[in-house]
Amino acid sequence: MTIHSIRRTAVLAAAAFAFPVALGVAAPALAGPQPSGPFGPACASVPKEGSGSLAGMARDPVATAASNNPALSTRVTAVKKAGLVDTLNNAKGITVFAPTNEAFAKIPTARLDKILADKAELTKILTYHVVGENVSPQKLHKGSFKTLEGGTLTVAGSGKSFTVNGKARIVCGDIRTANATVNVIDTVLTPM
């Protein structure tokens, strides 16, 4: 083997080692900085103390925690009407995309009343908002997630700006409860 081929082999070996290392270092930068802890404009309106605060919600299972948050009262009513309180409270490691009261207010009153009166349809809609795994902010940008209803939610975005199914914005994300991660959204999602 000549000195020239030894040098070429050494250069190729160094490049083969450096390229994956460079990619590994660049990968987090390419995905953009991910939030750590709750993020989004609506997080500022979460009570600072008490059972509806972030610390208070972290102690309770998800349906109970949501019932302590005034911005989710319509969703709480819907969950009770569908008989899903125990199902959600007993689930482990789920992620809930929880529509705010304002999200439900976007639905015409007659249509919302009809949905709330139809337990089967209400259950289908509510379980479409629940993913059977913990979706951390670091996973949100990865795309599609299977719901308990059986459909798929698609999340797009990065950093602190995410949309679900191209129309619902996450207005306060990564809220932790005793058994779930909650992402509060500004639009009620419709199963496909």
Side-chain angles (χ1 to χ4, degrees), residues 38-54 56-58 60-91 94-132 135 140 144-157 160-192:
F39 65 91
C43 293
S45 64
V46 175
K48 300 296 180 222
E49 53 188 42
S51 54
S53 68
L54 294 173
M57 290 173 59
D60 291 323
V62 67
T64 304
S67 70
N68 295 322
N69 187 318
L72 301 175
S73 60
T74 305
R75 182 190 173 279
V76 169
T77 298
V79 167
K80 287 178 183 174
K81 284 183 176 279
L84 292 173
V85 172
D86 289 339
T87 301
L88 293 174
N89 277 347
N90 293 324
I94 59 174
T95 300
V96 177
F97 292 84
T100 62
N101 295 339
E102 290 79 14
F104 281 99
K106 292 178 183 179
I107 301 171
T109 305
R111 173 76 179 126
L112 181 58
D113 289 344
K114 184 178 178 189
I115 291 168
L116 291 173
D118 184 339
K119 187 175 179 179
E121 183 177 6
L122 184 59
T123 299
K124 182 178 177 78
I125 290 170
L126 292 173
T127 56
Y128 183 69
H129 288 77
V130 182
V131 173
V135 181
L140 278 174
S144 298
F145 304 95
K146 188 167 176 67
T147 71
L148 296 187
E149 177 270 337
T152 302
L153 291 179
T154 302
V155 181
K160 296 182 179 183
S161 178
F162 294 95
T163 58
V164 184
N165 289 357
K167 55 186 163 189
R169 288 182 317 118
I170 295 179
V171 294
C172 186
D174 200 32
I175 299 171
R176 300 302 171 125
T177 71
N179 68 325
T181 299
V182 177
N183 293 302
V184 179
I185 57 176
D186 66 357
T187 304
V188 177
L189 303 170
T190 307
M192 309 271 176

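Here the structure is a predicted model, which means the values were calculated and not measured.
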Which atom pairs, donor and acceptor, lie under 3.5 Å between side-chain atoms of residues 185-192 and protein residues at least two apart or in another chain?
| residue | atom | partner | partner atom | Å |
| --- | --- | --- | --- | --- |
| Asp186 | OD1 | Arg169 | N | 2.8 |
| Asp186 | OD2 | Arg169 | NE | 3.1 |
| Thr187 | OG1 | Lys106 | NZ | 3.0 |

Rounded at 0.5 Å granularity, tell me how far CG in Asn68 sits from OG in Ser53.
9.0 Å

Throw together a table of side-chain donor-acceptor distances under 3.5 angstrom for residues 78-89, partners on residues two or more places apart or in other chains.
| residue | atom | partner | partner atom | Å |
| --- | --- | --- | --- | --- |
| Asn89 | OD1 | Ala63 | N | 2.8 |
| Asn89 | OD1 | Thr64 | N | 3.3 |
| Asn89 | ND2 | Thr64 | OG1 | 3.0 |

Check: Thr127 and Thr147 side chains under 4.5 Å, non-hydrogen atoms
no

Taking every non-hydrogen atom, the tightest pair across Pro47 and Gly52:
CD-O, 3.5 Å

Does the side chain of Thr181 come within less than 4.5 Å of Ile175's, by heavy atoms?
no

So, for Ile94 and Gly132, which heavy atoms are closest and what is the spacing to 0.1 Å?
CG2-CA, 4.2 Å

Working to the nearest 0.5 angstrom, can you tell me the gap between Cys172 SG and Leu54 CG?
6.5 Å

If you measure from CZ on Phe39 to CG on Asn183, what distance do you get to the nearest 0.5 Å?
5.5 Å

Hey, could you give me the CZ/CZ distance between Phe97 and Phe162, rounded to the nearest 0.5 Å?
10.0 Å

Going by the rule side-chain contact (heavy atoms from CB on, under 4.5 Å), which residues pair with Ala65 if we only count those two or more places apart in sequence or in a different chain?
Met57, Asp60, Thr177

How would you list, by chain and number, every residue that makes a side-chain contact (heavy atoms from CB on, under 4.5 Å) with Thr74, sequence neighbours excluded?
Asn101, Phe104

May I ask you to decide if Val135's main-chain N or O and Thr95's side chain share a donor-acceptor pair within less than 3.5 Å?
yes

With a 4.5 Å limit on heavy-atom distance, are the side chains of Val96 and Arg75 in contact?
yes

If you take all heavy atoms of Ser144 and Thr154, which pair is closest and at what distance?
OG-OG1, 3.6 Å

Hits for side-chain hydrogen bond (donor to acceptor under 3.5 Å, both in side chains) against Thr123, two or more places apart or cross-chain, chain-then-number order -> none

Say whether, by atom type as modelled, one donor and one acceptor occur between the side chain of Tyr128 and the main chain of Gly150 under 3.5 angstrom.
no

Would you check if Leu116 and Leu122 make a side-chain contact, meaning some heavy-atom pair closer than 4.5 Å?
yes

Using 0.5 Å steps for rounding, measure from the NE2 atom of His129 to the CG atom of Leu153.
7.5 Å

For residues 113-125, the salt bridge (charged side-chain N to carboxylate O under 4.0 Å, His left out) pairs (sequence neighbours left out) are Arg111-Glu121, Lys124-Glu149

Could you check if a side-chain atom of Thr163 sits within less than 4.5 angstrom of a side-chain atom of Ile170, using non-hydrogen atoms only?
no

